Amino acid sequence: MHSKVGAVPLSLVALVATSEPTAADFGRVLDLAGLAGLVQPGSRVLFKPNQHGGEGYTSAAVIRAGVQWAFAQGAASVVVGDGPFWGHKNPMGYFEQTGMLQVCEETGATPVDFHAGEYHIIETHSPDLPPALGFSQHLVEADVVINLPVMKTHFNTLVTLGVKNLKGCLRQIDKKTLHELELNAALASVARLLKPWVSATVLDATTAYEGMGPSAATPVPMNLLLASSDVAAVDSVACDLMGIDPASARLLRACAERGVGETDLTKIRTVGASPQDHRRRLALPYEALAASFPDLTVLTEHACSGCVMNLFRALEMAHQQGKTVLADCLVAGTEPAVDRPALRIGKCAGSPGGDGRTVRGCPPRVEDILEALTSPSL
């Protein structure tokens, strides 16, 4: 039985200023959000951090603060788990790199790779999703589920916060499938499906990540924790703190349309630290791309997120490795004809025309895209 608390306004989001979060900070932000008593003696607690497989993950300090707080409330067991991106080969090794394993060893929590366990199958009844999805069994076995995302920009969804973090609960094959659909609508529908299980969202904004997120973003100190029972409200306030209008994020518009939660800032009440004192304008993915590759045209409006994700990863690798991108124009998806030679990405891209080329695949491998980007035209 999932833990219940008293009636909490879905429009309430709490902020606590902290650069080194403690268990007291973690408890305070939940208390301010109207979630005092969330964990009762004997509760089975699951923390779902963002341990996606790359850089820009939920900090070990925030995970430690949450676990220590949960045990202090009398939790009988605490599990910390995630499922990294669908192609990741060594989740437990990655959890060690991020410090998550050390936190679990120090606190007595149990680290879990979602992809190594059983899945609970849910019929979706949604046009945005496949007929059924598999979610980690740990999600449905816990009495209290606390979503622990980190504040980041993202080249597919503009931001990756609480709503997108829930994708980590899915089977690997389902994650791949979501990237072949309209990703924003699919993610919003997943969040709606999981509302009965997710008790609270505590957003790690101690360090935010701007620019070429999620994996090659630049860290920015924000020194905040945010919390709410409404994941869409947390994400909307986080967008505002990042200098982004929530209405400009397709993912949050999809959440509003599907009843995931409140996204209208005029209907969200913040308590605790003042948002105005912490708001700053973070660089967006396409702005960072333009700065790194000022002469490059990238057309991806009609592409699925799988091709866009791998294209951005290839560009990130080229930039990090100091390689010169020799293409002038990149096209992914069913983009209309362009008036110059272009490197086309993916099986939907069609014929390149002229002296352009195509990198085939669904999606193409990052390595193949990188080679095409940095090799002279044949």
Side-chain angles (χ1 to χ4, degrees), residues 5 8-18 21 25-36 38 47-50 56 58-59 62-63 65-66 144-154 157-169 184 187-188 190-192 194-195 197-209 213-214 222-249 251-256 258-276 278-279 282:
V5 296
V8 178
L10 291 181
S11 59
L12 183 62
V13 175
L15 295 81
V16 165
T18 175
D25 294 324
F26 201 94
R28 181 165 176 260
V29 77
L30 286 171
D31 288 351
L32 286 170
L35 293 166
L38 180 64
F47 286 101
K48 197 286 177 194
N50 184 334
T58 305
S59 73
V62 169
I63 298 172
V144 179
V145 177
I146 299 179
N147 186 17
L148 284 182
V150 65
M151 180 184 280
K152 286 185 293 186
T153 56
H154 194 284
T157 55
L158 187 62
V159 292
T160 174
L161 303 161
V163 171
K164 192 171 186 303
N165 194 46
L166 297 175
K167 184 167 73 75
C169 300
N184 295 283
L187 291 172
V190 165
R192 189 171 184 273
L194 294 184
K195 283 179 72 171
W197 285 281
V198 179
S199 314
T201 295
V202 178
L203 175 66
D204 175 9
T206 53
T207 298
Y209 295 86
M222 294 290 284
N223 301 324
L224 282 173
L225 291 179
L226 284 73
S228 181
S229 60
D230 180 351
V231 64
V234 168
D235 285 10
S236 299
V237 172
C239 280
D240 181 54
L241 290 168
M242 299 162 78
I244 299 169
D245 180 358
S248 68
L251 176 54
L252 286 175
R253 295 201 302 272
C255 286
R258 288 155 182 79
V260 175
E262 187 57 71
T263 62
D264 184 344
L265 291 173
T266 66
K267 298 178 181 178
I268 297 172
R269 183 164 65 96
T270 60
V271 294
S274 168
Q276 183 174 351
H278 294 271
R279 189 179 293 118
L282 299 191

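The model shown is predicted, which means the values in this text are computed figures rather than measured ones. Along the sequence shown, residues are numbered consecutively beginning with 1.
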- Qualifying residues under salt bridge (Lys or Arg N to Asp or Glu O under 4.0 Å), relative to D31, sequence neighbours excluded: none
- Note on the structure: With sequence neighbours left out, the residues meeting salt bridge (Lys or Arg N to Asp or Glu O under 4.0 Å) with K48 are D82
- Only counting residues at least two apart or in another chain, list the ones meeting side chain to side chain donor-acceptor pair (under 3.5 Å) with R253. none
So how far is it from [X] [atom1] to [Y] [atom2], rounded to the nearest 0.5 Å?
X    : Y    : atom1 : atom2 : result
R192 : L166 : CZ    : CG    : 14.5 Å
N50  : N147 : CG    : CG    : 9.0 Å
M151 : T160 : CE    : OG1   : 11.5 Å
L224 : T207 : CG    : OG1   : 11.0 Å
S11  : E262 : OG    : CD    : 7.0 Å
D235 : T201 : CG    : OG1   : 7.5 Å

For residues [X] and [Y], report the shortest heavy-atom separation together with the two atoms involved.
X    : Y    : value
L252 : P246 : CB-O, 3.7 Å
A227 : L30  : CB-CD2, 4.2 Å
A254 : N184 : CB-O, 3.8 Å
L225 : P21  : CD1-CB, 4.1 Å
L226 : A205 : CD1-CB, 4.1 Å
L161 : C239 : CD1-SG, 4.2 Å

Between [Y] and [X], is there a side-chain heavy-atom distance shorter than 4.5 Å?
X    : Y    : value
K167 : L187 : yes
L148 : F26  : yes
L194 : V231 : no
V202 : I146 : yes
L265 : S236 : yes

- Message: Before you tell me yes or no, could you show the steps for V159 and M242 under side chain to side chain contact (heavy atoms under 4.5 Å, CB included), namely the whole-Å CA-CA distance, both residues' side-chain angles and the distance that decides it to 0.1 Å?
- Response: CA-CA 9 Å; V159 292; M242 299 162 78; 3.8 Å; yes
Where the side chain of [X] meets the backbone of [Y], is there a donor-acceptor pair that is under 3.5 Å apart?
X    : Y   : answer
D25  : T18 : no
N223 : A17 : no
R28  : V16 : no

- Going by atom types alone, do S228 and D230 pair a side-chain donor with an acceptor below 3.5 Å? no
- Do T58 and D204 meet the criterion of a side-chain donor-acceptor pair at a distance under 3.5 Å?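 No - no donor-acceptor pair under 3.5 Å links their side chains.
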- Message: Please identify which of these residues, M222, H154, K152, meets the side chain to side chain contact (heavy atoms under 4.5 Å, CB included) condition with Y209.
- Response: K152
